[in-house]
Amino acid sequence: MRCIFCSIASGEIASKKLYEDAEIVAFEDVNPQAPIHVLVVPKQHIPALSDVPPEDSALLGRLLLVADQLAHRLLIAESGYRVVINTGVHAGQTVGHLHVHLLGGRAMQWPPG
Ligand code: AMP
């Protein structure tokens, strides 16, 4: 299964990459919902959070740690930031490849819509 985020991860589709290692890539969201809006994505095609097998628990942890590292690098760690993993239709997931949204640079509302 290949999807748009697989193509971004492999470099076939251009993106503004902010981080890359053997397992993970992070790039700017094309339709930002905050001054900082980055997607942290596993290179491996996993459709959603609910599809992550137990053996990939370390990868899940690394996605969050990379999001926090980026928050520090992008200077939003101190003011605060939000990470979001939309999962399934009711959550508004539109791309069927697991991704962590990193949002910051403005005050946010709670509860989310
Ligand atoms: P979600 O609705 O949680 O599935 O989030 C998908 C996100 O991917 C949205 O915020 C889109 O703006 C973003 N997106 C879709 N296509 C691209 C792309 N080619 N490059 C960067 N971000 C994208």
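What you see is a predicted model, and the numbers here were worked out from it, not measured in a lab. Numbering of ligands and ligand atoms starts at 1, following listing order.
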Would you say Val95 has any N or O atom under 3.5 Å from an N or O of ligand 1, going by distance alone?
yes
Over 12 non-hydrogen atoms of neighbours within 6.0 angstrom of CD in Glu55:
yes
re atom 8 (O) of ligand 1, the protein heavy-atom contact at minimum distance is Phe5 CZ, 3.4 Å
Short version for Ile13: what comes under 4.0 Å of ligand 1, heavy atoms counted, is neither
Tell me the contacting part of Glu28 for ligand 1: side chain, backbone, both, or neither, using a 4.0 Å heavy-atom threshold, strictly below.
backbone
Could you say whether the N/O atoms of Asn86 and ligand 1 ever approach to under 3.5 Å?
yes
Can you list the atoms of ligand 1 that are under 4.0 Å from a heavy atom of Ile4?
19 (N)
Considering the heavy atoms of Leu39, write down every atom of ligand 1 situated less than 4.0 Å from one of them.
8 (O), 13 (C), 22 (N)
Subset of ligand 1 atoms that lie under 4.0 Å from at least one heavy atom of Ile8
18 (C), 19 (N), 20 (N)
Proximity flag Ser15 to ligand 1, non-hydrogen atoms under 4.0 Å:
no
Any His101 heavy atom less than 4.0 Å to ligand 1:
yes
Hydrophobic cluster identity match, Ile36 and Ile24, side-chain contacts under 4.5 Å:
yes
Which residue holds the protein heavy atom closest to atom 22 (N) of ligand 1, what is that atom called, and what is the gap in Å?
Val30 N, 3.1 Å
Among the clusters formed by ILVMFWY side chains lying less than 4.5 Å apart, do Ile85 and Val66 turn up in the same one?
yes
Quick check on contacts: which atoms of ligand 1 are under 4.0 angstrom from a heavy atom of Asn31?
12 (O)
Is there a path of hydrophobic side-chain contacts, each under 4.5 Å between heavy atoms, that joins Leu65 and Val38?
no
Taking side chain as C-beta onward, heavy atoms only, is Tyr81 less than 4.5 Å from Leu103?
no
For ligand 1, find out whether one of its N or O atoms is nearer than 3.5 Å to an N or O atom of His99.
yes
Looking only at protein heavy atoms, what sits closest to atom 4 (O) of ligand 1 is Thr94 N, 2.7 Å
Within a strict 4.5 Å, meaning less than it, do heavy atoms of the Val41 and Ile8 side chains meet?
no
Evaluate the ring planes of Phe5 and His99, with Trp represented by its six-membered ring, and classify them as parallel (under 30°), tilted (30 to 60°) or perpendicular (over 60°).
perpendicular
Can you spot which of Leu39, Ile76, Leu18, Leu63 makes a side chain to side chain contact (heavy atoms under 4.5 Å, CB included) with Leu102?
Ile76
Less than 4.5 Å apart, any side-chain heavy atom of His37 and any of Glu28?
no
Which is it for Val84 and ligand 1 at heavy atoms under 4.0 Å: side chain, backbone, both or neither?
neither
Heavy-atom distance under 4.5 Å between the side chains of Ser10 and Lys43, does that happen here?
no
Ranked by distance from atom 10 (O) of ligand 1, the top protein heavy atom is Asp29 OD2, 2.5 Å
